[in-house]
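Numbering of ligands and ligand atoms starts at 1, following listing order.
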Amino acid sequence: MTTIPQLTLNNGVQMPALGFGVFQTPPDETRAAVAAALDAGYRHIDTAAAYGNERQVGEAVAASGADVFLETKIWISDYGYDETLHGFDKSAAKLGVDRIDLLILHQALPSEFGRTLEAYRALETLYADGKVRAIGVSNFMVEHLTALLDKATVVPAVNQIEVHPYFTQPDVQAFGAAHGILTQAWSPIGGITFYRDSGHRSTLDDPAIGGIATTHGRTPAQVMLRWHLQQGRSAIPKSTNPERIAENLDIAGFELSAEELAVLDGLDTGRRGGPEPADITLAAFGRPIPEA
Ligand code: NDP
């Protein structure tokens with residue numbers, strides 16, 4: 001079984017650098033996917049209230065008996081102080097735990113930033129009460145982080161953002177590094193470039209990534225994951241296929257050179273695959289999160 005390196009968050013909590021993502025994993029396939037991931041050796045799962053599969057994640061983790069770092073996200077429809085406290089109750093009950101390892105805000109709501117701040121204040125309360133071991137954000141751009149830090153008493157431990165070779169957001173990563181906020185890469189192998197019409201070609205078909213993979217006798221996915229870890233990011237690849245689940249964890253035993261890292265960095269197009277953070281509104285993206 002592969003040993004996964006740990007990252008130390010800004011409050012001293014240890015988190016496995018590589019986690020297992022379950023976005024778009026249907027609830028009826030989630031138990032098997034998470035069980036395969038735990039079998040392969042993952043000990044960190046990234047889910048979200050909005051994914052509709054927290055319950056199945058919790059069931060698979062409980063059935064395994066393993067000690068697993070659980071990360072989940074509060075959806076924008078549950079922003080506001082009391083609403084977010086209740087969002088924790090819903091997620092914890094579905095996951096079947098009393099305490100969540102890392103609870104993050106899924107998106108900023110730029111047009112209603114006051115509500116976003118109230119949601120974050122609720123995370124700070126949950127943290128002070130020991131109900132979560134660490135708190136953070138997702139899809140926060142520099143302006144959102146700046147506005148948050150102006151009011152926050154707890155610096156977010158993590159900002160989970162889109163990072164793959166075609167979109168690396170160096171400004172957001174640098175701001176995070178300067179403030180002790182760990183960048184966690186979503187779509188770390190570029191899933192958004194091929195499972196959705198993103199205007200990008202698939203990162204898996206990129207000749208430069210393919211060339212580096214051939215040099216090391218590895219796959220493009222393994223090269224991209226190695227790139228994240230060597231640059232100090234957390235990454236949370238998703239798969240429902242047991243072979244690919246194991247492949248994505250099997251990234252020890254080779255090292256990318258500084259030149260190879262620079263080649264991967266040089267593929268950035270500056271064009272995101274996911275939704276524009278400025279366009280996230282309750283009207284467009286809001287939907288109720290069911291009770292536990
Ligand atoms: P990924 O970069 O993890 O790619 C997932 C896609 O790649 C799936 O289609 C999967 O298919 C395929 N795949 C997985 N492994 C391999 C492999 N080794 N070779 C070839 N294909 C492979 O993209 P995601 O967007 O899913 O991001 C990962 C996680 O990040 C999500 O599951 C979620 O937890 C999080 N996320 C967070 C967001 C946010 O807004 N905070 C937004 C998007 C994602 P298959 O399952 O068939 O293997």
*Of the side chain and backbone of S138, name the one, both, or neither that has a heavy atom under 4.0 Å from an atom of ligand 1.*
side chain

*Apart from L102 itself, which Ile, Leu, Val, Met, Phe, Trp or Tyr residues share its cluster (side-chain heavy atoms under 4.5 Å, direct or through members)?*
L7, L9, V13, M15, F69, I104, V158, L182

_Per-atom contacts, ligand 1 versus G191 - under 4.0 Å to a heavy atom_ = 1 (P), 2 (O), 4 (O), 23 (O)

*Heavy atom of T219, distance to ligand 1 below 4.0 Å*: no

_Looking at T47, is its backbone amide N or carbonyl O close enough to the side chain of N53 to form a donor-acceptor pair, meaning the two atoms are under 3.5 Å apart?_
no

*asked:* Consider ring pair (Phe, Tyr, Trp, His ring centres under 6.0 Å). Of F285, Y51, F140, which one does H106 pass it with?
replied: Y51

*Return a yes/no value for N241: is any of its N or O atoms, backbone included, closer than 3.5 angstrom to an N or O of ligand 1?*
no

*In terms of side-chain heavy atoms, does Q14 have a donor or acceptor partner in T8 at a distance below 3.5 Å?*
yes

*Of T72, V137, N139, which has the heavy atom at the shortest distance from atom 40 (O) of ligand 1?*
N139

_My understanding is that we take every heavy atom of each candidate and find the minimum distance to atom 39 (C) of ligand 1. Doing that for F20, Y195, W186, which one comes out nearest?_
W186

_Side chain, backbone, both or neither: which applies to K238 and ligand 1 if a contact is any heavy-atom pair less than 4.0 Å apart?_
both

*For ligand 1, which part of T47 has a heavy atom less than 4.0 Å away: the side chain, the backbone, both, or neither?*
neither

*Answer side chain, backbone, both or neither: which part of P188 comes under 4.0 Å from ligand 1, heavy atoms only.*
both

*Heavy atom under 4.0 Å from ligand 1: found in H106's side chain, backbone, both, or neither?*
side chain

*Examine the proximity of ligand 1 to A221 and report which part, side chain or backbone, both or neither, has a heavy atom under 4.0 Å away.*
side chain

*Can you run down the salt bridge (charged side-chain N to carboxylate O under 4.0 Å, His left out) pairs that involve residues 195-217, sequence neighbours left out, and say none if there aren't any?*
R201-D206

*Can you check whether I189 has an N/O within less than 3.5 Å of an N/O in ligand 1?*
yes

*Under 3.5 Å, side chain of R226 to main-chain N/O of L256, donor-acceptor pair present?*
no

_Strictly below 4.0 Å, N to O, side chains only: are K90 and D78 in salt-bridge contact?_
yes

